[in-house]
Participant: 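A single structure is presented below for examination.
In what follows, residues are counted from 1 in the order of the sequence shown. Side-chain atoms are counted along with the backbone in the values below, which use heavy atoms only and exclude waters and symmetry mates.
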Amino acid sequence: MTPVQIATAVLTLIAGIGIFLIACTMMSSNLESVSSNKLKKLFARTSKSKLVGVGIGTVATAAIQSSGATSVMAIGFVNAGIMSLMQAATVIYGANIGTTITGQITALGMFDNTISTGVVFATFAGIGAFVMAFAKKDVVKKVGGILAGFGMLFVGLDMMSGSMGDFAKLESVKNFLALIKNPILLVLIGAVFTAIIQSSSVMTSVAITMVFTGLISLDQGIYLTMGSNIGSCVVAIIAGITSSTNAKRTALIHLLFNISGVIVFMLVAMMMREISKAVTPERVITFGWLFEKMFPGAPQTQLAMFHTIFNVITVIFMLPLTNLLVKLVTKIIPDKKKTEEPQEKLHYIDEHMLSTPPIAVAQVKNEIVNMAEIALHNFDLACDIVCTLDYTNVETFRKNENELNFLNKEIARFVVRLSNLELNDQDHIYLATTFHTISDLERVGDYAENIVEYADKLKNSEQSFSETAVGEIRNMQQQIEYLFQKVMKAYVNVDAHSLDEANEIEESIDALTEEMEQNHIKRMREELCTPDVGAQYLSLTSDSERVADHFINVAKSIKELSLKAE
């Protein structure tokens with residue numbers, strides 16, 4: 001080959017890797033967006049069962065084509081305190097299995113028929129591009145993006161394969177690569193290359209292509225692929241560095257899990273080699289030899305199947321040891337000295353979740369539901385204080401009020417960042433409503449604060465509400481709690497029927513406030529209530545009605561989404 005041909009081959013290789021990376025990203029983002037609702041339901045099913053965790057990690061990674069995203073997602077959940085280390089570990093195990101699908105797709109595209117399978121699959125790039133260009137519906141455009149990304153995988157693959165075929169003709173290149181036989185060195189090369197490009201799928205596909213073109217042996221490809229598993233941990237490690245102690249432990253679990261699998265397989269490979277040398281010196285048994293026998297004449301399938309079997313066996317081996325692994329990382333990264341926890345914090349959302357926007361949207365809803373429960377709790381505390389003039393829980397009330405103000409600002413800040421990411425139409429519509437929703441909930445907190453101020457005035461003037469007035473306030477409180485239940489059902493499930501029921505309750509609350517005002521006027525005429533006490537009562541009645549209005553606004557925010565759902 002001339003220098004020009006060599007330069008062309010190098011540039012073609014770089015271009016092929018670039019197209020392959022873009023294709024992976026395109027497929028991942030569009031698959032993630034289209035399957036967002038299923039992903040949300042999937043991660044909502046996390047349980048204490050280890051097998052369920054593995055299944056969730058496998059399916060999620062196969063769906064979004066990114067083990068890194070799944071691992072970062074798990075770290076985000078651990079950081080937010082909604083997933084245990086045990087659950088996160090099993091999800092990460094599953095992610096390692098799910099990521100092998102890319103290698104299988106790569107191998108599938110290398111079979112030569114009358115018309116190359118790779119060429120047939122590559123045509124999806126053009127089909128997807130046309131769909132994206134002319135489709136009007138967002139979902140259809142996303143499907144076009146998936147097709148285009150899938151097709152581009154094979155365009156990039158063909159370019160990599162072509163350039164490596166050129167290199168395979170160079171004796172100097174073949175001789176150089178033949179010298180790199182040390183398993184540990186090959187594992188390190190695979191790990192470093194994967195860490196640089198942050199994609200084990202690309203590294204595995206490059207290795208499959210190199211084996212297919214004869215540039216390297218199957219055994220060399222196997223060790224490069226094992227190294228890619230270690231290199232894939234870099235994304236999780238970066239995510240864990242700036243997170244909580246448990247998030248750091250999750251990243252370490254990912255690293256130790258992958259290193260353990262590589263060590264076990266390398267020990268088995270060494271034992272096979274040494275035993276076969278002693279028994280049959282003329283035939284050294286290696287993983288390459290075994291997979292050549294299992295899948296003869298298809299080097300691409302041999303490496304792809306090794307990758308899958310390697311990860312499945314590693315999971316089977318490590319699953320019973322998960323408890324020990326969790327204890328080990330807990331000792332390596334001990335708990336920090338207890339410091340006073342910040343009074344205000346986000347419970348469900350974390351910046352690492354931005355790497356998987358559909359899941360982040362689901363967690364925003366959980367955070368808002370939590371904020372709503374705090375708002376109702378403060379309203380109940382305020383009613384208790386004003387009815388009894390007992391200030392035992394006033395510190396809890398103040399803490400809740402501060403948290404409501406904090407959540408209002410922090411949720412809004414998170415939603416702004418999330419809204420700029422790739423999401424489907426429904427998620428964008430939902431996020432647009434959240435700003436009004438959190439504002440409504442913050443206002444509920446403000447009205448609860450007003451009610452406590454009325455209690456202060458009553459206590460300072462050594463007055464209190466009559467038993468009849470307290471009974472009416474308690475009745476109003478019960479109605480608002482009943483309204484809240486229907487509002488949350490409508491909000492969480494996008495349930496139009498519950499919204500209708502909430503509207504009916506809100507109307508009955510309006511009627512109840514009118515009745516309370518009339519009863520108050522009657523008591524004033526009968527001189528059963530002083531003007532000062534009456535003023536506090538009327539203000540409380542008005543504020544309670546507004547609390548109901550703000551809660552019903554939360555339910556009404558799902559109106560557009562419920563119409564779409566129908």
Participant: Between His436 and Asn553, does any side-chain donor sit less than 3.5 Å from a side-chain acceptor?
Facilitator: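 There is no such pair between these side chains.
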
Participant: Would Asp446 and Glu449 count as a side-chain contact (heavy atoms from CB on, under 4.5 Å) here? Give the steps.
Facilitator: CA-CA 5 Å; Asp446 290 342; Glu449 203 167 21; 4.3 Å; yes

Participant: Within the side chain of Glu367, is there an N or O that forms a donor-acceptor pair under 3.5 Å with the backbone of Tyr348?
Facilitator: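 Present.
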
Participant: side-chain contact (heavy atoms from CB on, under 4.5 Å) between Thr513 and Ser544: does it pass, once the steps are laid out?
Facilitator: CA-CA 8 Å; Thr513 56; Ser544 297; 5.5 Å; no

Participant: Hey, could you give me the OG1/NZ distance between Thr437 and Lys365, rounded to the nearest 0.5 Å?
Facilitator: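 Going from the OG1 atom of Thr437 to the NZ atom of Lys365 covers 10.0 Å.
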
Participant: May I ask you to decide if Thr392's main-chain N or O and Asp390's side chain share a donor-acceptor pair within less than 3.5 Å?
Facilitator: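 Answer holds: yes.
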
Participant: List the steps and the verdict of side chain to side chain donor-acceptor pair (under 3.5 Å) for Gln363 and His347.
Facilitator: CA-CA 9 Å; Gln363 294 307 110; His347 298 263; over 6 Å; no

Participant: When you check the side-chain N and O atoms of Asn393 and Asp384, is any donor under 3.5 Å from an acceptor?
Facilitator: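 No, Asp384 and Asn393 have no side-chain donor paired with an acceptor closer than 3.5 Å.
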
Participant: Do Thr330 side-chain atoms and Val326 backbone N/O form a donor-acceptor pair below 3.5 Å?
Facilitator: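 Pair found, side chain donor or acceptor close to backbone of Val326.
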
Participant: Please determine whether a side-chain nitrogen of the Lys or Arg among Lys459 and Asp456 lies less than 4.0 Å from a carboxylate oxygen of the Asp or Glu.
Facilitator: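 No.
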
Participant: For the atom pair OG1 (Thr90) and CZ (Phe257), what is the distance rounded to the nearest 0.5 Å?
Facilitator: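 Going from the OG1 atom of Thr90 to the CZ atom of Phe257 covers 10.5 Å.
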
Participant: Could you walk me through whether Asn311 and Asn229 pass side chain to side chain donor-acceptor pair (under 3.5 Å), step by step?
Facilitator: CA-CA 9 Å; Asn311 281 293; Asn229 267 39; 2.7 Å; yes

Participant: Going through the checks in order, is the side-chain contact (heavy atoms from CB on, under 4.5 Å) test met by Glu506 and Asp549?
Facilitator: CA-CA 7 Å; Glu506 197 271 334; Asp549 290 340; 2.6 Å; yes

Participant: Could you grab the distance from atom CE of Met488 to atom CG of Leu376, nearest 0.5 Å is fine?
Facilitator: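 Going from CE on Met488 over to CG on Leu376, the span is 9.0 Å.
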
Participant: Would you sort out whether Tyr391 and Ile385 count as a side-chain contact (heavy atoms from CB on, under 4.5 Å), showing the intermediate values?
Facilitator: CA-CA 6 Å; Tyr391 283 76; Ile385 291 170; 4.0 Å; yes

Participant: Would you call the rings of Tyr430 and Tyr491 parallel, tilted or perpendicular, taking 30° and 60° as the class edges?
Facilitator: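 Tilted.
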
Participant: Regarding Asp440 and Lys556, does a basic nitrogen lie under 4.0 Å from an acidic carboxylate oxygen?
Facilitator: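 So Asp440 does not pair with Lys556 through a salt bridge.
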
Participant: Let me see the working for Phe379 and Tyr447 under ring pair (Phe, Tyr, Trp, His ring centres under 6.0 Å), right down to the final yes or no.
Facilitator: CA-CA 8 Å; Phe379 173 72; Tyr447 285 120; 9.8 Å; no

Participant: Taking Thr322 for the side chain and Leu319 for the main chain, is one N or O donor matched with an acceptor at less than 3.5 Å?
Facilitator: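 Yes; at least one donor-acceptor contact below 3.5 Å.
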
Participant: Walk me through it: do Glu395 and Arg398 pass the test salt bridge (Lys or Arg N to Asp or Glu O under 4.0 Å)?
Facilitator: CA-CA 5 Å; Glu395 282 306 313; Arg398 300 295 180 204; over 6 Å; no

Participant: Rounded to the nearest 0.5 Å, what's the gap from OG1 on Thr58 to CD1 on Ile97? Could you check?
Facilitator: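 Nearest 0.5 Å value for the OG1-CD1 distance: 4.5 Å.
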
Participant: Evaluate Tyr537 against Glu472 for side chain to side chain donor-acceptor pair (under 3.5 Å), listing each step before the verdict.
Facilitator: CA-CA 10 Å; Tyr537 183 82; Glu472 290 173 350; 2.3 Å; yes

Participant: Starting at CG of Asn408, measure out to CD of Glu403 and round the result to the nearest 0.5 Å.
Facilitator: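 One finds 12.5 Å between CG of Asn408 and CD of Glu403.
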
